[in-house]
Every structure is written in C-alpha cells, then in structure tokens.
There are 2 protein chains.
Amino acid sequence: MSKTQTAKTKLLDAALSLIREKGFTATTVDDLCARAGVSKGAFFHYFKSKDELGVAAAQHWSAVTGELFERASFRERTDPLERLLAYIELRRELLRGEIAAFSCVVGTMVQETYGQHPQIRDACAASIFGHADTLVDDIAEAMRQRGVVADWTAESLAAHTQAVLQGAFILAKAKNDVAVAIESVDHLRRYVELLFAPPAQTRSAS
Amino acid sequence: MSKTQTAKTKLLDAALSLIREKGFTATTVDDLCARAGVSKGAFFHYFKSKDELGVAAAQHWSAVTGELFERASFRERTDPLERLLAYIELRRELLRGEIAAFSCVVGTMVQETYGQHPQIRDACAASIFGHADTLVDDIAEAMRQRGVVADWTAESLAAHTQAVLQGAFILAKAKNDVAVAIESVDHLRRYVELLFAPPAQTRSAS
DNA sequence: ACATCCATACCGACTAGTTGGTATGGAAAA
DNA sequence: TTTTCCATACCAACTAGTCGGTATGGATGT
C-alpha cells in the first residue's frame with residue numbers, strides 16, 4: 001500500500017501541478033515521470049495511456065478539492081445564506097500566490113480536451129458540477145428561508161459561481177495578476193447579496 | 001493584395017477555428033496548413049515560428065471581433081445602461097450552434113500559454129481587456145446618470161462581464177451543452193440590472 | 001520595345017529532435 | 001511460484017523548423 005500507491009499518487013500529483021502550469025497537451029509523459037521521480041515503466045504500469053491519466057487526474061482533483069472544502073471552517077455555519085457567502089469568501093481567500101497554485105485543473109484541461117477526448121471532458125464536467133452541487137442545497141434552503149421567488153434555480157446559481165471563478169482564473173492568467181480575479185469574486189459576492197437582500201426595502205447603491 | 005494576403009489570412013482564419021476546436025498546443029503547423037490549403041513554406045514565409053502565429057492569431061481575433069461588435073445594432077442605442085444590457089443580450093444571442101463557433105479563441109489560448117509563451121499571453125490579454133474597455137465608458141456614464149455611488153469601478157464591472165463569459169464557455173464545454181452558459185449570462189444581466197436598479201424603491205425578489 | 005534585375009509569394013522534401021507507447025527483465029511481495 | 005511493481009532500452013510516428021527551388025510581377029536601364 002505504502003510504496004504501491006506512492007508512484008501512482010506521485011504521478012497524479014505531478015499531473016495536477018503540470019496541467020495547471022502548462023496545460024494537458026503540453027505536458028508530456030516524460031514531464032510527468034520526471035516531476036514524479038518515477039520511470040516511464042511506472043507510468044504505463046498504472047495508466048494505459050496519457051488520456052487515461054487525464055481522466056484519473058480529474059478524479060484525483062475532485063477528491064483533493066472535495067476534501068479541502070468538506071473540512072473547511074465555513075461548513076460549520078448553520079445559516080445557509082451565510083454559508084454560501086462564506087464559501088465565496090473562502091474562494092476569494094484562496095486566490096493567493098502564484099496563479100498555478102490556485103487555478104483549476106479541470107477548467108484548464110476541459111478547454112483543450114472537450115472536442116478530442118470525451119472521457120476527459122466528462123471527468124472534468126463531473127468535477128466541476130459535482131463541486132457546484134455541494135452549494136445547491138444551501139442556495140435552495142436560503143431561497144426558502146428568505147422567501148425568494150425567482151426565475152432562476154438554485155442549480156443555475158451554483159453553476160454561475162463556478163463560471164465566475166473559472167472566468168476569473170482566465171483573466172488572472174491573461175493579466176498575470178490576481179487582482180482582477182479578486183474583483184470578479186467580489187462582484188459575485190455582491191450579486192448573491194443583492195439576490196437575497198430583503199425585499200421591499202431601501203437599498204444602498206453599493 | 002488580393003492573392004498576396006490570402007495565404008496569410010487563410011492561415012489566420014484556420015488558426016481561429018483550430019484553436020477553438022483543439023487548443024493552441026494540440027494544433028500543429030501541418031494542421032494549420034492543411035485547413036488553410038497552403039504549404040508549410042507559406043506558413044514559415046509569413047510567420048517566423050508557431051509562437052509568432054499565436055500572437056498574430058490573437059491580434060486577428062481582436063480585429064475580427066472588434067469589427068463585429070462595432071457594427072452591431074446595440075451600438076445605436078443612446079442610453080448607456082440600455083446599451084450595456086443590449087451588449088449582454090447580444091452576447092447571449094451569440095451562444096448558438098456548436099461550442100467551437102461561439103467560444104473565445106484568446107480565452108482558450110491564454111490558458112495553455114500564460115506560463116510558457118509570455119508574448120502570446122500578452123496578446124490575449126490585450127484582446128480580452130481591449131474588448132472590456134469598449135464597455136467602460138457606458139458603465140461609467142450609466143453610474144453617473146443613475147447616481148450609483150459604488151465601491152466597485154466601471155473597469156472592474158467591465159472585466160467581470162468578460163469573466164462571466166469566459167467561465168460560461170468553460171462550463172458549456174464541460175457539459176457539452178450551451179444551456180448552462182446561457183443561464184450564466186442571464187445571471188450577469190440580472191446582476192447589472194440590480195446594480196443599476198433605482199435606489200429607495202421596492203424591488204421584486206426575481 | 002525589350003532585357004535585366006530583384007523582391008515577394010509560395011512550394012514540398014527534408015531533418016533533428018520529441019512524442020506516446022512497447023518490450024523485456026528484474027526485484028520484491030504474496 | 002506467481003503476481004505486482006517498476007526500471008531501462010527502444011521504436012515508429014510525429015513535431016517544428018529548414019532549405020533549395022519556382023513563379024510572378026514591378027522597376028529600371030537601354
């Protein structure tokens with residue numbers, strides 16, 4: 001178990017960092033082996049092909065991030081709207097350091113693979129929308145609690161949060177500056193606040 | 001001029017479609033030549049390297065889309081807020097057909113190149129933020145007109161619109177379905193409406 | 001009018017190096 | 001012994017980029 005899993009896990013961890021740095025296509029099998037510190041034989045022992053590693057990397061990413069958000073302190077909040085806003089605040093705080101340290105593996109990977117590698121695309125979709133699903137119950141409950149009758153669904157708002165984050169990563173990459181991403185997350189927070197603001201009430205313009 | 005420019009233009013047009021389909025890295029020089037119907041000699045006659053074509057493709061994309069939006073009918077509107085909302089509506093309407101037909105070349109390309117090809121990254125940034133700039137004056141004027149005093153800037157909202165669109169493209173690619181992108185653009189429109197809603201007034205929860 | 005010159009546009013075979021993937025064999029666990 | 005795990009050596013296909021060459025057409029000199 002200990003050594004058995006290490007080569008595979010090292011390869012998957014190497015995949016996460018390399019895909020974030022260079023993308024999936026530009027990452028070669030030799031790159032992966034070098035960063036993981038294993039041989040090519042180990043690679044093809046665990047993965048039948050580079051594509052299969054792509055699928056496994058997406059699933060690995062889901063597992064790693066899933067655990068991160070499950071253990072995060074914002075989960076302790078009981079009020080659903082507060083928990084949603086705390087989630088957004090956490091996403092904002094995670095925008096620290098190098099872009100490759102906070103950007104999304106599957107968002108990057110799906111752009112390159114959606115038309116050529118359907119299995120990788122589907123694994124990326126499962127990761128993104130699986131994560132979005134963790135927000136749906138809170139959004140739905142917040143809508144109920146605050147009496148929000150809307151022409152949008154909890155699912156669509158959950159997906160929208162992920163769209164904003166993915167787009168924020170792209171803008172940060174383009175500008176080579178995380179500030180623009182932070183501002184977009186601020187807009188997202190403001191949007192959620194406006195959606196759930198008490199009705200029939202004077203609102204400030206900010 | 002007529003035949004002189006065709007080989008280069010055909011290569012640039014081929015680049016736009018191929019990058020949208022497969023990404024920049026996966027697109028080979030031979031792919032580009034085949035789709036453009038020209039020889040490899042022609043390619044390297046016009047571009048010193050594949051990277052140089054990447055930069056030129058981003059600039060070509062800026063020119064093509066710049067003209068599209070400059071000529072669009074929403075520009076005829078005189079009210080700045082209405083023009084902004086009409087822009088968003090146009091972006092929504094453009095989400096038709098295959099994903100490769102509406103997704104963003106530079107948004108795709110910058111994900112793969114931001115760390116490895118700074119010149120391409122900068123060309124992509126110029127395209128994205130140059131486009132965002134075309135919205136800033138309208139947003140600023142709308143804020144003035146409607147008396148919006150905000151802790152956000154016109155620039156940041158303009159950038160945010162692009163973040164939402166880029167993120168919407170990613171979600172559409174992952175799900176292989178444009179509906180999720182349309183819903184995100186709807187959230188964006190709703191956000192802008194809420195930001196500019198008249199203050200001190202009852203608002204509906206939708 | 002005609003010959004010369006030369007720049008631009010383009011072609012396609014070629015190469016040096018890289019790519020994903022395979023074949024084989026050995027160490028260690030079961 | 002058999003299976004799992006992993007290393008080394010290797011390969012065929014593909015990659016970006018090169019190179020020698022052709023075609024065209026405009027400018028210039030005579």
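First the proteins, then the strands, lettered A, B, ... as listed; each starts at 1.
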**Distance in angstrom units between A/F47 CZ and C/dT19 P, rounded** = 19 Å
**Message:** Expected output is a numbered-order residue list: members of residues 35-44 of chain A with a heavy atom under 4.0 Å from any atom of DNA chain C. What is it?
**Reply:** A/K40, A/F44
**Prompt:** Hey, does A/T134 have a side-chain heavy atom less than 4.5 Å from the side chain of A/E70?
**Reply:** no
**Request:** For B/K8 and C/dT8, give me the distance from atom NZ to atom C1', rounded to whole Å.
**Result:** 13 Å
**Request:** Please state how far atom NZ in A/K50 lies from atom P in C/dT22, giving the value in whole angstrom units.
**Result:** 15 Å
**Message:** For B/F196 and B/W152, take the angle between the two ring planes, folded into 0 to 90°, and tell me which bin it lands in: parallel under 30, tilted 30 to 60, perpendicular over 60.
**Reply:** perpendicular
**Prompt:** So do the side chains of A/I120 and A/M109 get within less than 4.5 Å of each other, counting heavy atoms only?
**Reply:** yes
**Request:** Name the orientation class of the two ring planes belonging to A/F169 and A/F102 (parallel below 30°, tilted from 30 to 60°, perpendicular beyond 60°).
**Result:** tilted
**Complete:** A/D51 atom CG is separated from C/dG21 atom C1', nearest whole Å, by 12 Å
**Asked** Within this structure, what is the CG-to-C1' distance between B/L32 and D/dG17, rounded to whole angstrom?
**Response** 14 Å
**Prompt:** Which is true for A/T27 with a 4.0 Å heavy-atom rule: it touches a base, it touches only sugar-phosphate, or it touches nothing?
**Reply:** sugar-phosphate
**Prompt:** When you measure from the centre of the six-membered ring of A/F24, is the NZ or CZ of A/K50 under 6.0 Å away and within 45° of the axis?
**Reply:** yes
**Dot-bracket pairing map - DNA chain C, Watson-Crick plus G-U, both contacts under 3.5 Å, | cross-strand** = ||||||||||||||||||||||||||||||
**Asked** Of the nucleotides D/dA16, C/dG20, D/dC5, which one has an atom closest to the side chain of B/V29?
**Response** D/dA16
**Item:** Presence of B/H45 side-chain N/O under 4.0 Å of C/dA9 phosphate oxygens OP1/OP2
**Value:** yes
**Prompt:** When the distance from NE2 of B/H117 to C1' of D/dA16 is rounded to whole Å, what number comes out?
**Reply:** 12 Å
**Minimum-distance nucleotide (side-chain atoms of A/S49 versus C/dG21, D/dC5, D/dA16)** = C/dG21
**Prompt:** Mind checking whether A/H131 and A/F69 have parallel, tilted or perpendicular rings, split at 30° and 60°?
**Reply:** tilted
**Asked** Does the side chain of A/Y87 pick up a donor-acceptor pair with the side chain of A/R83 at under 3.5 Å?
**Response** no
**Fill in**
To the nearest angstrom, the CG-C1' distance between A/D30 and D/dT15 comes to 15 Å
**Message:** For B/H187 and A/Y191, take the angle between the two ring planes, folded into 0 to 90°, and tell me which bin it lands in: parallel under 30, tilted 30 to 60, perpendicular over 60.
**Reply:** perpendicular
**Asked** Do B/L16 and B/W61 come within less than 4.5 Å of each other through their side chains, counting heavy atoms only?
**Response** yes
